[in-house]
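Have a look at the structure below, then the notes.
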Amino acid sequence: MDGTTLKATRRDWFGLSVLVIPILLVSMDISVLYLALPAVAADLEPSSNQTLWILDLYGFFLAGLLITMGSVGDRIGRRRLLMIGASIFGAASLIAAFSTTPEMLLVARALLGVGGATIAPSTLSLIRNMFHDAKQRKEAIGLWTAGFAGGGALGPVIGGFLLEHFWWGSVFLINIPVMVVLLISAPLLVPEFKDPNPGKFDPLGVALSIASMLAIVYAIKHGAQEGFDAATIASSTAGLILGYLFVLRQQRAKHPLIDITLFAERAFGAAVFSQFLVIFSLTGFSLFASQYLQLIVGLGPLAAGLWLLIPAVAAGVGATLAPPLSRLISTRSIIVGGLLLIAIGSLTLSYVGTDSGTGLLIVGMSLLTLGIGAASTLNSDIVLTAAAPEKAGAASALSETGAELGGAVGIAILGTIGTTVYRNGVQGALPPGTPPEIAGPASETIGGGIAVADLLPPPLNDALRELAATSFIDGLELAALWCAGGMTLSALVVFLLLRNQRLAPHVRENT
């Protein structure tokens with residue numbers, strides 16, 4: 001095949017714009033929910049545990065189903081799976097918008113995760129099949145990653161506007177017209193791809209995959225909140241055993257769900273690990289940032305969304321600049337540099353105080369997202385080029401599994417660090433004899449503390465607001481310091497994994 005036939009057509013580039021639509025949607029759904037959280041908390045009154053589950057149940061189901069859906073897409077067609085996912089996502093958005101209880105919203109978030117699991121592996125794998133030229137593929141993945149950042153930019157602005165004029169459920173309704181556009185345009189602009197010889201489907205492998213992933217994610221989530229108790233031990237043990245059985249089955253299967261041999265390529269493993277890390281930091285600190293701007297600085301949802309536009313643009317800049325920069329310096333240097341930028345951004349966030357305003361927070365978040373955009377783009381390129389084109393769905397599912405697992409774990413660990421420090425700080429400083437109707441909500445979340453402070457007379461109301469804000473900042477500081485140290489260590493690990501590594505010809509270029 002000559003160089004001319006490898007080049008993408010104009011239809012392929014228009015098709016890329018269609019593939020960016022669901023990524024915009026997924027990103028908007030995450031960032032919009034952060035801004036809507038105070039309104040959701042005031043209306044539905046979820047507990048602190050339910051609040052964290054509302055945030056990360058989406059990623060929980062995404063991580064559990066991605067490997068299966070990647071294989072399904074390779075079999076039934078990636079465009080078809082994308083459209084099925086769009087339909088599920090739209091229906092789940094409708095349920096979420098009109099939820100009347102925390103439990104109803106939790107069910108809707110789970111269904112959104114199911115829909116997202118069908119969308120996520122389809123978009124990246126379709127890019128792998130539409131863009132065969134290495135230079136064009138990197139540019140396409142850069143635009144795809146920038147689209148994700150664009151959703152993060154549009155989500156707070158659109159969501160902030162809706163929250164100031166309508167009820168919180170309106171932030172989910174905006175998903176529906178976007179899904180309609182996707183369902184109309186995808187058959188016109190995106191070609192269908194599937195594995196011509198997928199082999200026999202493996203239902204036992206599917207069951208092992210889903211059960212092991214859900215058990216492991218639950219163990220991480222439960223352990224971060226409740227500690228190393230019996231449920232954490234049982235769930236993690238079951239997940240590891242089931243995961244081991246899944247790997248054994250994949251090694252012996254004639255037509256496995258995923259190609260385990262991909263991990264023999266250290267660059268592939270390093271890319272999946274790095275993708276886990278960047279989304280871990282993004283989701284954890286996005287939650288802190290939105291709460292800080294609204295509950296401590298005192299901004300409205302729209303103003304907070306406009307400020308969060310800056311780090312979202314920084315992520316887009318990193319994603320757009322990474323492909324051309326990789327022609328000048330090694331891919332390894334860019335990925336490691338991205339992780340170090342995340343560490344520097346996290347360290348900057350550890351200096352944010354109750355009276356530091358917006359500037360320091362935005363600088364820290366922008367450094368963090370700049371590193372995320374650069375590293376994520378090249379991680380995705382390594383993952384996609386490591387697999388044969390007909391297995392691109394399964395390979396991209398592994399990358400997306402790492403990313404979504406990182407998102408769930410980021411909220412679970414960083415969010416729980418913040419919540420635990422906040423709870424201990426408030427409970428230890430409330431005056432003796434504080435009424436239970438005040439002490440309970442005040443000790444759960446900063447949103448609850450700020451809300452019930454209005455029920456107290458001066459100067460007790462101001463004292464409770466200050467206590468809630470200080471405890472929240474203490475949690476942010478500890479989470480940021482842990483993240484900075486972890487990212488620095490991880491950058492060293494990724495550097496060693498990629499150093500002097502023999503790569504397959506399609507992965508070797510610029511790594």
Side-chain angles (χ1 to χ4, degrees), residues 13-14 16-35 119-120 123-124 127 131 135-160 174 178 274-275 277-286 289-290 293 304-329 331 334-335 337-342 344-346 348-349 358 361-381 384 399-400 403 406-407 410:
W13 287 106
F14 278 120
L16 175 65
S17 67
V18 174
L19 297 180
V20 170
I21 291 175
I23 296 304
L24 280 166
L25 184 65
V26 171
S27 180
M28 285 174 60
D29 186 63
I30 295 171
S31 57
V32 160
L33 186 58
Y34 287 144
L35 287 177
I119 292 173
T123 53
L124 265 180
I127 288 175
F131 295 88
K135 178 182 175 182
Q136 288 188 327
R137 185 179 58 250
K138 281 187 178 181
E139 292 172 352
I141 293 174
L143 292 172
W144 180 88
T145 307
F148 186 87
L154 291 174
V157 176
I158 296 175
I174 61 173
V178 177
S274 179
Q275 200 73 336
L277 293 171
V278 298
I279 305 302
F280 172 95
S281 58
L282 176 64
T283 55
F285 286 115
S286 293
S290 62
L293 291 173
L306 290 172
W307 274 108
L308 291 174
L309 190 67
I310 298 173
V313 170
V317 170
T320 305
L321 292 182
L325 191 61
S326 69
R327 295 194 288 270
L328 302 176
I329 60 177
T331 295
I334 296 173
I335 293 176
L339 294 176
L340 291 176
L341 272 175
I342 295 172
I344 295 170
S346 301
T348 303
L349 291 174
T358 58
L361 177 86
I362 297 303
V363 169
M365 286 295 295
S366 297
L367 289 171
L368 186 144
T369 55
L370 181 66
I372 288 170
S376 183
T377 299
L378 299 184
N379 288 333
S380 298
D381 184 61
L384 287 183
S399 175
E400 290 293 331

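Keep in mind that what you see is a predicted model, and the values were worked out from it rather than measured.
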Output the distance between atom [atom1] ([X]) and atom [atom2] ([Y]), rounded to the nearest 0.5 Å.
| X | Y | atom1 | atom2 | value |
| --- | --- | --- | --- | --- |
| I334 | L328 | CD1 | CG | 8.5 Å |
| L340 | L367 | CG | CG | 12.0 Å |
| L277 | I335 | CG | CD1 | 11.5 Å |
| M365 | I372 | CE | CD1 | 7.0 Å |
| I344 | L339 | CD1 | CG | 11.5 Å |

Contact summary for A322 and A374, nearest pair of heavy atoms: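 Nearest pair, atom of A322 first, then A374: CB-O, 3.7 Å.
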
By side-chain hydrogen bond (donor to acceptor under 3.5 Å, both in side chains) - contacts of T369 (at least two apart):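 Partners of T369 under the side-chain hydrogen bond (donor to acceptor under 3.5 Å, both in side chains) test: none.
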
Any side-chain heavy-atom pair from [X] and [Y] closer than 4.5 angstrom?
| X | Y | result |
| --- | --- | --- |
| V178 | I174 | no |
| P311 | L368 | no |
| F131 | L16 | yes |
| L293 | T358 | yes |

Between the side chain of S326 and the main-chain N/O of P323, is any donor-acceptor distance below 3.5 Å?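 Yes; judged by distance alone, with no hydrogens or angles, the pair exists.
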
